[in-house]
Peer 1: 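Before anything else, here's the structure in question.
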Amino acid sequence: MKQVSVDIGGTFTDCFLVWDNIQLETKALTTHHNLALGFMEALEQACMELGKDIRTVLSQLDSVRYATTLGTNALIERKGPKIGLLTTAGYESQVPLSRGRGYGDGLTPEEQSDLPAAKRPEPIVPINMIAGVRERIDYKGDIVLPLDENHLREQIRLLVDRGAQAFVVGLMNSVNNPVHERRVEEILLEEYPTHMLGAMPVILSHQVAERKGEYVRITSSILDAYLHDQMYHALSSLEMTLKEYGYNKPMLVVHNIGGMAQLNSTHALQTIHSGPTAGINAAEHLSEEFEVGHLIAMDMGGTSCDIGIVVGGGIRFYDFNPVIDRWLVSVPMLHLGIIGAGGGSIARYDKTLNHIEVGPSSAGSEPGPACFDQGGIDPTVTDADLILGYLDPDYYAEGHINLNKRRSEFVIENEICDELDENLDVIDVALQIKKKVDTNMAHAIFKELGVKGYDPKNFTLLAYGGNGPLHCCGIAKVLDIDKILIPPFSSIFSAVGAGIMDQVNIHEKSVFMNIYDSNTRKLLEDYDNFNSIVKELEKEGKDELLRQGIPQDVIHHRLELDMRYGNQLTQTSVISPVNRLNSMSDVMELVKAFSVNYGERFGEGSQQPEAGIRINTIRVLSYVELEKVSFKKAADYPEAAPKPVSKRECYFVDVDGPVTTLVYRSDSISPGATIEGPALIESPRTTYLIEPGWKMVMGEQGSAWILNTHKKKSLKKVRKEAVQK
């Protein structure tokens, strides 16, 4: 296997190169003005370590997998085309009204508590760029009013005259019958062929979101059109760059649903948060290979901390109506809790609350933390970690980035110490910064688990990203978690996740289907309707993969159903035990799977079948299983005595004064070695901080278990308990 997978974050671009039995990890600073530059720099580092020319490597690769934050950045910066929206006449105000509550979407809980004072987001499509189309299709998909094509042509010309650079077509009930949306696209291309206006994207809402809900479906399509131009040109230019260096295969782009597809089968909205999604995918794979049960996937990078939950059994948690920026959409995504807590998160003194706050603003990679000496003037978490002794100024990023400790001390003293009424020095403030960022992340994790009915004590904390192993002990302490797992290649774990993804397409349909009707007390008997919907969705997924050149005999399908009891708001995604319903026993198997899943999440006995059982969405995942990188399972090794390379004074929360802390290099620690905290384990791209009261047991490929020494449990017992849970 020869492949490259890349994850572009807000601060670093991570690269993972697999060349037969050789696995290499590299990092480069993210080049926001041209993401291809950071990509190629990270890849070139890997090629140099491999001892091969970059052209030789690219010409022999099986695949290049790519995860990016490009779409997220474009939304934040509001750099997109002027969009014209064509919708059913009479519904032109649907998007501006945003269901009467859209101004609350995307706000913090504190801001949502005072909605009258909330600020509406600047509209992506202003009212004068919305035009009504005379047509009507009812909820069954029947045509009530035929499309008035002459009027449509007038509306198109109106929007073009007003400066439209992209079109969104969002008509009522088009998911039930898309014939009018397709005809609108044909007329648009007739009126303005590509040789007149250039490659002006036309986005049809039924192709972006296949579920009912007109407002969120149209909003999803607007965001897709807004991001399309920048995403398409940036990724296309990267693909062209790869071809210039000898890579002639299609580039694979990671999707936020947990799979990937070729660039020509990717729409812009699917790239939002694709990097963290790859990390969740890697965590699922690790859970199986390491035989660990419940995991909290915590990816702490330079800009943010992404939180996911892995419970095994193929169960995934989706956001069915996620909020992107300030907009509610109906494209399902793997659920992520994202908070502004990373190494570059900016610390400040809040005069109103009289305490130190951290994040969500970040120094990013340009200019970066003050200690990077690139012009940064704000104190950050990395500056605090440097002052507390956790980072080696001469070995950060394997010495490629020299850290200026005096600069960190200056900005913390100038920006925070001088503002505080208390007489605190830079060490005290740095400790408060560390405690605050650890507490913020712990509270976010507790919330993510709590709303899903889980107790953090039953989970293992999986800490990765450039800063995950540095802050994991402090976070676990707040959560009362006594087991931490550092995965192999932890600093680039999301990039590794892109390397073990399958090629996936997802198609879904909104339904209103009672599996058990509480009024008639009868189970579903109309198997043909259910099976026909599944068959059609499977066909759509298969056709999409065939178009990408995938042989038919390697295409598989998985059926997922969004189910709920009666009129509950809570929906649960259930993997169906059968792909077709052919008998009453099949229906009962489905009911049992839903009941077990619901009981595990919300407690046995919380099931309410007497309220009725309903399917809201039928979803088919069509996928191709690709060769995956293996995390070799860590075995029990005899204890070996590692030798420290140095020692330095470090400071810890709730510990008075400096503590002499031994420093080790990860490549000199053999698997099975045990190191008691406090200790620092340095690798070329991250640092493991073993705080007082914890110990580390080293595994293979840089993996490690970090255990609370107050809980006298062996590593074997910890693994056994994790599997049982």
Side-chain angles (χ1 to χ4, degrees), residues 8-13 27-35 37-38 69 72-73 76-79 108 300-305 339-397 399-441 465-467 470-471 651 687:
I8 295 186
T11 304
F12 287 101
T13 294
K27 278 179 177 285
L29 287 173
T30 296
T31 49
H32 292 280
H33 61 287
N34 185 347
L35 299 181
L37 296 178
T69 58
T72 310
N73 296 337
I76 293 171
E77 297 166 3
R78 287 294 190 268
K79 292 181 178 178
T108 64
M300 184 181 178
T303 304
S304 64
C305 180
I339 62 171
S345 294
I346 296 172
R348 66 193 185 282
Y349 171 63
D350 190 316
K351 293 182 179 180
T352 304
L353 299 176
N354 192 30
H355 66 72
I356 294 173
E357 286 288 345
V358 180
S361 300
S362 173
S365 60
E366 298 173 354
C371 59
F372 279 18
D373 240 357
Q374 297 182 156
I377 59 173
D378 296 307
T380 66
V381 173
T382 296
D383 292 307
D385 290 338
L386 177 61
I387 289 171
L388 295 175
Y390 307 154
L391 301 177
D392 184 344
D394 300 321
Y395 193 68
Y396 189 79
H400 294 297
I401 300 176
N402 293 318
L403 303 183
N404 186 336
K405 185 177 179 181
R406 292 180 61 186
R407 184 68 180 165
S408 296
E409 293 171 339
F410 173 78
V411 294
I412 285 182
E413 184 172 4
N414 188 57
E415 297 295 326
I416 299 180
C417 291
D418 291 350
E419 297 291 328
L420 289 167
D421 295 332
E422 308 168 43
N423 186 23
L424 299 178
D425 60 19
V426 291
I427 297 294
D428 296 324
V429 171
L431 284 169
Q432 287 197 26
I433 291 173
K434 173 177 165 42
K435 184 175 182 179
K436 180 62 178 176
V437 73
D438 289 353
T439 302
N440 286 351
M441 288 186 286
N467 288 288
L470 191 60
H471 286 263
Y651 297 82
T687 300

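By convention here, the first residue in the shown sequence is residue 1.
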Peer 1: Flag the pair Asn402 / Pro393 as yes when at least one side-chain heavy-atom distance between them is below 4.5 Å, and no otherwise.
Peer 2: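 No, their side chains stay 4.5 Å or more apart.
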Peer 1: Of Asp383, Asp385, Thr380, which meets side-chain hydrogen bond (donor to acceptor under 3.5 Å, both in side chains) against Ser408?
Peer 2: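 Considering Asp383, Asp385, Thr380, a side-chain hydrogen bond (donor to acceptor under 3.5 Å, both in side chains) with Ser408 is found only for Asp383.
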Peer 1: Please report the shortest heavy-atom distance between Gly344 and Pro369, naming the atom on each side.
Peer 2: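 Distance-wise, the nearest heavy atoms are CA-CG, 4.4 Å.
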Peer 1: Does the side chain of Lys434 come within less than 4.5 Å of Leu388's, by heavy atoms?
Peer 2: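 Answer yes - side chains close enough.
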Peer 1: Which pair of heavy atoms, one from Ser345 and one from Val358, lies closest together, and at what distance?
Peer 2: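 Smallest interatomic distance, heavy atoms only, reads CB-CG1, 3.9 Å.
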Peer 1: Where the side chain of Glu415 meets the backbone of Asp378, is there a donor-acceptor pair that is under 3.5 Å apart?
Peer 2: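 Side chain of Glu415 to backbone of Asp378, a donor-acceptor pair under 3.5 Å: no, none is there.
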Peer 1: Locate the shortest heavy-atom distance separating Cys417 from Val429; write the atom from each residue and the value.
Peer 2: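 Scanning both residues completely, I find the closest heavy atoms to be SG-CG2, 3.6 Å.
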Peer 1: Rounded at 0.5 Å granularity, tell me how far CG in Asp438 sits from CG in Leu470.
Peer 2: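 Answer for the CG-CG pair, Asp438 versus Leu470, is 9.0 Å.
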Peer 1: Just jot down the side chain to side chain donor-acceptor pair (under 3.5 Å) partners of Asp392, sequence neighbours excluded, or say none.
Peer 2: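 By the side chain to side chain donor-acceptor pair (under 3.5 Å) rule, Asp392 matches no residue at all.
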Peer 1: Compare every heavy atom of Ala28 with every heavy atom of Gly38, then report the nearest pair and how far apart it is.
Peer 2: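 In this case the closest contact between Gly38 and Ala28 is O-CB, 3.8 Å.
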Peer 1: About how many Å separate CZ of Phe372 and CG of Asn404, when rounded to the nearest 0.5 Å?
Peer 2: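 Asn404 atom CG to Phe372 atom CZ measures 12.0 Å (nearest 0.5 Å).
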Peer 1: Rounded to the nearest 0.5 Å, what separates atom SG in Cys371 from atom CZ in Arg406?
Peer 2: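 These two atoms lie 14.5 Å from each other.
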Peer 1: Can you give me the closest heavy-atom contact between Gly375 and Pro367, atom names plus distance?
Peer 2: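 Answer, listing the atom of Gly375 first, then Pro367: C-CB, 3.9 Å.
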Peer 1: For Ile433 and Ile412, what are the C-alpha separation, side-chain angles and deciding distance, and is it a side chain to side chain contact (heavy atoms under 4.5 Å, CB included)?
Peer 2: CA-CA 10 Å; Ile433 291 173; Ile412 285 182; 4.2 Å; yes
Peer 1: To the nearest 0.5 angstrom, please state how far the OG1 atom of Thr382 sits from the CD1 atom of Ile387.
Peer 2: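 One gets 11.0 Å once the value is rounded to the nearest 0.5 Å.
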Peer 1: Are His355 and Lys436 close enough that some pair of their side-chain heavy atoms sits under 4.5 Å apart?
Peer 2: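 Counting from C-beta outward, His355 and Lys436 do come under 4.5 Å.
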Peer 1: Give a yes or no answer on whether the side chain of Tyr390 reaches the backbone of Tyr651 with a donor-acceptor pair at less than 3.5 Å.
Peer 2: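 Pair found, side chain donor or acceptor close to backbone of Tyr651.
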Peer 1: Do Lys27 and Thr13 have side-chain heavy atoms sitting under 4.5 Å apart?
Peer 2: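 Lys27 does not reach Thr13 side chain to side chain.
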Peer 1: CE/Met441 to CG/Asn467 distance, rounded to the nearest 0.5 angstrom?
Peer 2: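 Interatomic distance, Met441 CE to Asn467 CG, rounded to 0.5 Å: 8.0 Å.
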Peer 1: Mind checking side-chain contact (heavy atoms from CB on, under 4.5 Å) for Thr439 and listing every partner two or more places apart, or none if nothing turns up?
Peer 2: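 Per chain and number, Thr439 pairs via side-chain contact (heavy atoms from CB on, under 4.5 Å) with Lys435, His443, Val478.
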Peer 1: Report yes if the side chains of Ile416 and Ile356 come closer than 4.5 Å at any heavy-atom pair, otherwise no.
Peer 2: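 Yes - at least one pair of side-chain heavy atoms lies under 4.5 Å apart.
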